[in-house]
Each structure stands twice: as structure tokens, then as C-alpha cells.
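A quick write-up on the structure given underneath.
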Amino acid sequence: MTPEVQALPSDQTRLSGTAQDAIIVENLIFSYPGQARPAVDGVSFSVAHGEIFGLLGPSGAGKSTLQKLLTRQQRRFDGAVQILGKPLAAWGQDYFEAIGVGFELPNHYVKFTAIENLRFFASLYKRESRDPLELLALVGLEDAAHKKVETFSKGMRMRLNFVRAIQHDPEIVFLDEPTAGLDPVNARIVKRIIAELRRAGKTIVLTTHNMHDVDQLCDRVSFVVGGRFAVLDAPETLKAKYGRRTVRIMHGHDVVKTDEFPLDGLADDQRFNAILRSGAVRTLHSQEASLDQVFSDVTGTSLNLMEEAA
Amino acid sequence: MSPLVSLAIHDLTSIRRDQVLLNIIGLMVMMVAIAALVRAFGYFTNWWVTIQFLLLLGYMPGIGYLTAMLIVDEVDSGVDRALHVSPLPRNHVLALRIAMCILFVWPYGIIMVLATRMIELPLFEWLPPLLALSLASVWTTVTVPTLSRDKVQALGLFKGLNLYVQIAALYLFIPQGAWYAQILLLSPATWSVKSILAFTEGATTAGYLWSFGGVVFWAALIAVSVAVYRRRQDGDEW
């Protein structure tokens, strides 16, 4: 069951946008017809140019709907959205020259080869697209470039999804679960490319329920639950805020003991130093919170449990 | 190359690579060939008018379903969503598919009647009722992807919508003066049947009027389907 989450207070970090922001969203509300409860319920935030902004939450939380609204797949909503300094409704078809969209599920013309798919979509843009072979090589699909997509695994299709989203070099990239279905090696490649895009000044909105992706990539993350932002901040800040500033140490030659010491004044803690000098330390870990713990503290439930229930 | 031309080439390649669609084309060609042979050898002369109408109502619109299947395929695979976030306007995509549908069906109908000659009419009198009938395919092309979520639903809908067109054939088998014959006018395909029959009887004005009425009727149905289709594309459930 989804817990009730309060909308963020208006004094939360960087809710109202500035001229430097690529995306400014104010009090965005969207309801699917026939549903009493809004799928997106009064969300406000802004994303700076060159920032990776994460939308983290369980299935059905409203994060994909929010992405659909920002990518104009859903066109009716209440509230104000400004993209690259222009109201969303004022953009014409040129909006799609400026954004790239990576979908959660692979969607390609399966009777066409990978390179034919990329070339076809490239032909729909006025702006110059990147070399499709070079893009396919980036994600390890160079050998499959001339194979029909119907022969691809899900992971290969997802990688093709990803490069299609970035091939026309958009200013803003919306990615929905970009590492879903990928093995660790390819997930790492995709994350490396996302990080490179940020270094190139691209703005990225990352929708995911993968804590590790958020932790590794996002400058800021919002926890989306019940169509609202439960919290919005940098992952490190959240972990520090909700974590414990302690060190847990397991030690002992014959009998294993566990002790926990506060980080503050650790160097002067005589008992801690004595354990270190005893030469019987087995493990030593700082106890900052994981994002899952933060999510759990903020929303009152575990993201993993919500995923299983969804 | 303009994006729309690129899409048109892409669509034609899709048809060329789809075995099911190629089979449909093969069937269509075969139907015309068989009917032309029947006519050439002078078999079943009493049935020629009926055969011609059955071919026009039952098979001619089928060639237009190629474009409907392209749209259904896109919805089924989700690639329509990728098209929607491209600079190609959704209206242009739909307009192209509608234009392609007419370009497939209308000439096919003309070739059919010229090749079979089971009803003898001058070409200019064939054009209006065949245009009206080709709009049946346009209506199907828009309606099927509007109402169906996948290929299985689409195939079921094709059958249902086909009946709405083919039911006009009943008009040939019931007494012309019967009150219930008018019920068949609820299908605009019947208007094309009445148009062709009027032309064969020499009632040229009536022939054109029935055709014009059929075009308007189909256009109204297509407009409703397009409106619902666009609502669905905009993400609204209905």
C-alpha cells in the first residue's frame, strides 16, 4: 500500500527555477480520466543545465507519467512547465529536436536492422545526427549493426533504445530505466555514456527505481511516491542527513564482537584506538545511510518492498 | 529527403518485408486474375454483376488494410511512441497513411473493374463510387488502431468492420422496394452499390448523388475515428 506522502514544503532546495535552468516545473498536476487521485499531484522542481536529475520511486508512483508530461506524450495538464526558457505549450515540433527520449521498454521496427532503425529516425530530424555505426559501437552493438532487431536480446534492444535517444545530440535527454535488462558490463557502459553527456553539458532526467544508478549518476534525486515528491536533494546530502555518523567495527581473535563508535572525535576515542592496536579487526564500516534506507526513512517503507507489492 | 518521404519509403519497405502483407497483396492480385479469366472465358454470366459487387465490397477495401496493419504493428511494438517524440507531426503521419491507403485502394478498384469488366460502365462513372468505397479502407485504417491494443484485437476488429462494408451486398439479394432495404443505407457502402446500380440503369445524376452521399457519409465516420485516434495518441484514455 502506498503511504501518504506530504508534498515538499515550498522552501525546499531549488524548487523554483532560475534563468539558468533547463527545466522549470511549478505545481504540475495530472490525472488520468476516470481516476480520482492525480497521478502527478502538485509537483514543483527545476533542473539546471548540465545536471542529472533523478526521479526515484516504485512502479505506479507517477514518475513515468511525469516523464510523459515533460516529453509531451501527455499533453493536457495543470500547472506550469518551462523547458529551455520557453513554456512547454509554446513549443512546436521543434521541441523534439531539443529533447531525446529513451523508453522503459524496447520499441523498434523489428523487421529492420539496428542501423536502419537509427538511420530512419535520424532522417526525421533537421539537425545533424551522430554516425549510427559509431553510436552502435559505443554500446557494443557494432557487430549487430546489420542484423534485424527481431533477432536481438532485450539487452541489445535496450542499448539500441538508448543510442536512438541521443543520436541527434539533444540538449535534454529523458531516460526511463536506461539500465533495465542490461548485464552489469553493459549497464556500466551506459552509465559511463550518461556521465559523459553531462560533462558535455547535456541535461538528463533519469527515471528509475534503481538506487545504484541514482547513487552513481544523479546530482539530485527526488523520491516520487503517490504522485508527489517526498524529498528532493543530492544523494550524498540525503545519505548524510538520514544516515548515522558512526563506525561499526567487528573484532576479536577467538570470539567476534561488534562495536559502534561515533565518527565525531573518533581519533580521540581510546577504546576504538585500543581495538585497532589489538590487531584483531575483522571489518570496519562507516554507517552512512544507503538510498534505500533514506527512502525507507522518508516514506515509511522500503522501495524494494513497494516494488514487490506493485 | 523530407521526413514524410522518408516515412513513406519506410512504410513501403515494411510492407515488402512483411510476409503476411505480401500474402494479402498476392491474394488481391489472384482474385482479380481469376475474375478476369472467368469473364474472358464467359463462365457464370448470370452471376457477373453479383461477382463484381462481391469483389468490390469484399476484397477491394482489403488492399487498404496494409496501411492499417502498419499502424497496428507500430502500436503493438510501441514504436509509435518513439515516432511521437520525433519532430514528425502526428497529423502528418496519419495523413500520409490515409493518402497511402487511398493510393492503394482506388487504383486497385479501377484495375479490378477494368480487368474483369463484369459490369460495363465508362471509367468516369466508375471513379466516384470507387472513391467512396476506397474511403471504407481509410475508415478501417484509422478505426482499427484506435480501438485495438494489439494485433489480435486488430484482426478481430478487421472482421467486424469488414461486415459493416460487406453487408451492403445484401442489397443485391433482397426486394428493392422492401422497407428493410433502407436499413442497409446505414452502411455507406450501400450508397456506392446504389450509385453503381443507378449508373448501370442510365440514371447518371442519381449515380453521382449516391456516390457523393457515400463520400460524405464515409468522411463523417472517418472524422469521428480521427478525433478518437488523436485523443488516444495524446495519451487520453476513453
Side-chain angles (χ1 to χ4, degrees), chain A residues 30-35 39 64-65 67-77 91-113 116-127 129 148-150 157 160-161 164-165 167-168 170 173-174 176, chain B residues 1-23 66-67 69-97 145 149-151 227-238:
Chain A
F30 173 80
S31 299
Y32 286 103
Q35 293 198 357
S64 290
T65 303
Q67 181 142 317
K68 281 182 184 172
L69 291 167
L70 297 179
T71 56
R72 296 185 82 185
Q73 293 176 72
Q74 299 275 5
R75 299 203 177 201
R76 294 181 183 85
F77 58 82
W91 280 92
Q93 286 301 114
D94 55 338
Y95 180 59
F96 299 108
E97 298 274 353
I99 68 163
V101 184
F103 293 91
E104 181 182 5
L105 295 171
N107 48 0
H108 305 287
Y109 290 102
V110 295
K111 290 191 167 56
F112 287 74
T113 66
E116 283 173 336
N117 267 278
L118 289 183
R119 282 187 179 142
F120 167 65
F121 277 98
S123 73
L124 306 180
Y125 292 84
K126 282 184 197 147
R127 58 170 65 189
S129 285
K148 285 187 180 173
V149 176
E150 64 190 357
R157 292 179 191 211
L160 186 57
N161 254 23
R164 187 182 62 200
Q167 71 167 338
H168 58 287
V173 186
F174 295 91
D176 198 348
Chain B
M1 187 190 303
S2 91
L4 215 49
V5 173
S6 178
L7 179 62
I9 292 170
H10 187 268
D11 280 354
L12 292 173
T13 312
S14 294
I15 292 170
R16 193 165 49 80
R17 290 186 186 178
D18 192 309
Q19 200 53 48
V20 175
L21 299 186
L22 287 180
N23 287 344
L66 301 177
T67 48
M69 286 305 290
L70 289 180
I71 302 177
V72 170
D73 256 342
E74 282 176 354
V75 173
D76 202 35
S77 64
V79 74
D80 62 321
R81 292 181 62 200
L83 263 187
H84 292 168
V85 294
S86 80
L88 192 56
R90 298 177 189 191
N91 288 345
H92 291 195
V93 175
L94 185 60
L96 173 75
R97 266 69 189 265
R149 304 268 170 187
D150 53 49
K151 273 185 175 175
V228 180
Y229 180 75
R230 286 181 59 181
R231 267 193 74 184
R232 182 171 171 182
Q233 282 196 315
D234 284 347
D236 289 347
E237 295 299 322
W238 36 268

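Remember, it's a predicted structure, so these values are computed and weren't measured experimentally. Just so it is clear, the values below take in all heavy atoms, side chains as well, and ignore hydrogens, waters and symmetry mates.
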*Name the member of Arg119(A), Glu97(A), Lys148(A), Arg72(A) that forms the most heavy-atom pairs with chain B at distances under 4.5 Å.*
Glu97(A)
*Based on non-hydrogen pairs under 4.5 Å, which of Ser77(B), Gly78(B), Ala82(B) is most in contact with chain A?*
Ala82(B)
*Between CZ of Phe121(A) and CG of Leu88(B), what distance do you get to the nearest 0.5 Å?*
10.0 Å
*Measure distances from His10(B) to the heavy atoms of chain A and classify the residue's part below 4.5 Å as side chain, backbone, both or neither.*
both
*Measuring from Gln73(A):CD to Arg81(B):CZ, what's the distance to the nearest 0.5 Å?*
4.5 Å
_Quick check: do Phe174(A) and Val85(B) have side-chain heavy atoms less than 4.5 Å from each other?_
no
*Contact part of Asp80(B) toward chain A, heavy-atom cut-off under 4.5 Å: side chain, backbone, both or neither?*
neither
*Can you tell me how far CG of Leu4(B) sits from CG of Leu124(A), rounded to the nearest 0.5 angstrom?*
9.5 Å
_Tell me which of these, Pro87(B), Ser86(B), Pro89(B), has more heavy-atom pairs under 4.5 Å with chain A than the rest._
Pro87(B)
*Of Leu83(B), Thr13(B), Ile9(B), which meets side-chain contact (heavy atoms from CB on, under 4.5 Å) against Phe120(A)?*
Leu83(B)
*At a heavy-atom separation under 4.5 Å, does Lys68(A) approach chain B through its side chain, its backbone, both, or neither?*
side chain
*When heavy-atom pairs shorter than 4.5 Å are enumerated against chain B, which of Thr71(A), Val101(A), Asn107(A) gives the highest number?*
Asn107(A)
*Under a 4.5 Å heavy-atom cut-off, does chain B meet the side chain of Tyr109(A), its backbone, both or neither?*
both
_Salt bridge Glu150(A)-Arg17(B), side-chain N to carboxylate O under 4.0 Å_ = no
